[in-house]
Number of protein chains: 2
Amino acid sequence: MPKYKEVAQKIIQKINSNDMKQGDKLASIEELMKQFDVGKNTILNALTELEKQAYIYQVRGSGSFVRKHKREGYINITEVNGLRNNLQGFHLDAKLLDLKATKPTHEVMANLNIAENEEVYYVKRLRSIEGRKFSVEESYYLKSVVPYLNQQIVEDSIFNYLIDDLKIEPGFIDHFLRVGKLNKINADLLNLEPGDPTVLLESIFYLKNGQPFDYSIINYHYEESQFFIQGASYI
Amino acid sequence: MPKYKEVAQKIIQKINSNDMKQGDKLASIEELMKQFDVGKNTILNALTELEKQAYIYQVRGSGSFVRKHKREGYINITEVNGLRNNLQGFHLDAKLLDLKATKPTHEVMANLNIAENEEVYYVKRLRSIEGRKFSVEESYYLKSVVPYLNQQIVEDSIFNYLIDDLKIEPGFIDHFLRVGKLNKINADLLNLEPGDPTVLLESIFYLKNGQPFDYSIINYHYEESQFFIQGASYI
DNA sequence: TAGTGGTCTAGACCACGGA
DNA sequence: CCGTGGTCTAGACCACTAG
């Protein structure tokens, strides 16, 4: 792990352990350089990292300050694995509904940018939070990237498996979100009526090298799901 | 404008004018240093900026590549003023429904982090795209930051006015998104039925110095709105 | 092995905010 | 005016990718 990421982690720890609030001031760059005995660029890299993750914001001539949104129970879809990071403290569950290796449909081919002879894993799961039906998730994983999946992996956490065991490094994601209407199958799964609204989230996950490896379509229970998205101005 | 932002803009221009596609390779850092006659850190800053805005991704040992999602008509809520940037080519319209200076409600006080004696502007607008009802937007602007608003400003573009005329610099945003149900008033405005679903987006806009200055609640027409959100992995 | 991005240092100077 | 973040350079070395 590079120095600047270690520094970033230690700053996050400090924010959490000192229970710092939105607007609380961090130590100055010069102080941080002394504290961690590193150069200025290392501190700058660490702060840039924290700014990207919406932990802090920097104000020229004034200092760096803690950024914290207050609402709980919101899913941060700006981060990979936002579920685990943002719903910690809630009991999450994933029940396997279907798992098979298959040829990609045209939709999957387009979104994963693959040819029809590339096999994919199809996974359908029903997710619950605190025992309440939460979402129906259908995912397609490129088999050349994710060569093996089984029920245990899929009911635990696919992303932990990818990262910890397969040493796959997700890089970035494209999300497409809209409101849809539930079909009968998914409505039954979520204990709702066909035609009820749903947050329909399509996501394409890319490796660090830019290759898409996971296309997923999630129907969220409209009463159980709420999302946090961080934004910035690039003017 | 700092050098690295100029470099970043020129790279964006090059991407657009050369009609580069997802995965196309940019010049190497060394080449860019020569092209623009700047140091390595300046190029690195420019590329970091472009990466934050999802224009490119960088791959160690390999190069920098263009990142482009293909779908049109999606609103990118990861950027301030995503409407204008992302729906360019579509005809947008904002009809004023209400505009007044008022005392904040408790909800507004909480979200803008202000006391009850701080006045705010309340603005309600009906937005259309290509003549179709698109969203009902209610916004509260801190009067101490935005001292004056009128119908013309509000029906044109509030953000252009803030940035170009008031020289206000937005810094970052918190968005909270969920599915809601329309009340009678907003349903009528959108030509929908009460109880119909809506994308309910609450947003808090902050200045560069961390002060919240705009709290807005938008009800989107569920059939006319779709959103793009970029994400990243910070592992 | 050559090319490319990633990290890091040391140091200089600029721009802004607040007392 | 001082403290603070922002920009920029020059240079060294590391880590990864691909042919």
Side-chain angles (χ1 to χ4, degrees), chain A residues 1-11 23-52 55-67 145 167-169 171-172 206-211 232-235, chain B residues 1-11 23-52 55-67 145 167-169 171-172 206-211 232-235:
Chain A
M1 166 128 37
K3 276 189 191 178
Y4 79 91
K5 288 205 176 188
E6 279 181 21
V7 170
Q9 283 196 345
K10 283 177 185 164
I11 294 175
D24 285 358
K25 192 174 175 181
L26 294 183
S28 74
I29 290 179
E30 210 167 344
E31 279 174 41
L32 293 170
M33 284 170 68
K34 286 178 198 158
Q35 273 183 39
F36 295 107
D37 192 29
V38 297
K40 183 170 179 178
N41 252 326
T42 303
I43 298 296
L44 287 177
N45 270 328
L47 295 179
T48 300
E49 190 76 7
L50 294 175
E51 213 170 22
K52 277 198 256 183
Y55 279 110
I56 65 158
Y57 57 93
Q58 293 180 77
V59 183
R60 182 188 209 125
S62 179
S64 302
F65 302 87
V66 172
R67 176 177 175 192
V145 175
K167 308 296 178 198
I168 287 173
E169 298 200 284
F172 50 94
Y206 298 81
L207 299 178
K208 276 210 189 319
N209 69 7
Q211 182 181 17
S233 172
Y234 299 107
I235 294 167
Chain B
M1 165 122 43
K3 275 189 193 177
Y4 79 91
K5 287 206 177 187
E6 278 181 21
V7 171
Q9 283 196 345
K10 283 178 186 164
I11 294 175
D24 284 358
K25 191 174 173 181
L26 295 182
S28 73
I29 290 179
E30 212 168 342
E31 278 175 42
L32 293 171
M33 284 169 67
K34 286 178 197 157
Q35 273 184 39
F36 296 106
D37 191 29
V38 295
K40 183 170 180 178
N41 253 325
T42 303
I43 299 295
L44 288 176
N45 270 327
L47 295 179
T48 301
E49 190 76 7
L50 294 175
E51 214 170 21
K52 277 199 256 184
Y55 278 110
I56 65 158
Y57 57 93
Q58 292 178 77
V59 183
R60 182 189 210 124
S62 179
S64 301
F65 303 87
V66 172
R67 176 177 174 191
V145 176
K167 309 293 178 200
I168 288 174
E169 298 200 282
F172 51 94
Y206 299 80
L207 300 178
K208 276 211 188 322
N209 69 7
Q211 182 181 17
S233 171
Y234 300 107
I235 294 166

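Because the structure is a prediction, the values reported are computed rather than measured. Just so it is clear, the values below take in all heavy atoms, side chains as well, and ignore hydrogens, waters and symmetry mates. Residue numbers begin at 1 in each chain, while the letters A, B, ... track the order of the sequences.
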Would you be so kind as to tabulate the donor-acceptor pairs closer than 3.5 Å made by side chains of residues 28-52 of chain B, with sequence neighbours excluded?
unit_1	atom_1	unit_2	atom_2	d
B/S28	OG	B/E31	N	3.2
B/Q35	OE1	B/K14	NZ	3.3
B/T48	OG1	B/L44	O	2.8
B/E51	OE1	B/Q58	NE2	3.4
B/E51	OE2	B/Q58	N	3.3

On a heavy-atom basis, which atom in A/V59 and which in B/N209 lie closest, and how many Å separate them?
CG2-CA, 3.7 Å

From CD of A/E169 over to C1' of D/dA15, roughly how many Å is that when rounded to an integer?
12 Å

Check every nucleotide of DNA chain C for an atom under 4.0 Å from a heavy-atom of chain A, then give the first and the last such nucleotide from 5' to 3'.
C/dT7 to C/dG17

In short, A/G63 meets A/F65 closest at the heavy-atom pair O-CE1, 3.2 Å

Donor-acceptor pairs are to be reported for all side-chain atoms of residues 1-8 of chain B against protein atoms at under 3.5 Å, with residues two or more places apart or in another chain.
none

How does DNA chain D read in dot-bracket, base by base from 5' to 3', with Watson-Crick or G-U pairs under 3.5 Å and | used when the partner is on another strand?
||||||||||||||||||.

Short heteroatom pairs, N/O only, protein and nucleotides 17-19 of chain D, under 3.5 Å:
unit_1	atom_1	unit_2	atom_2	d
D/dT17	O4'	B/G61	O	3.2

Which heavy-atom pair separates A/V66 from A/Y57 by the least distance, and what is that distance?
O-CE2, 3.6 Å

Name every residue in residues 25-44 of chain B that has at least one heavy atom under 4.0 Å from any atom of DNA chain C, in order of residue number, or write none if there are no such residues.
B/S28, B/I29, B/K40, B/L44

Tell me every residue that passes side-chain hydrogen bond (donor to acceptor under 3.5 Å, both in side chains) with B/Y206, counting only those two or more places apart in sequence or in another chain.
B/D174

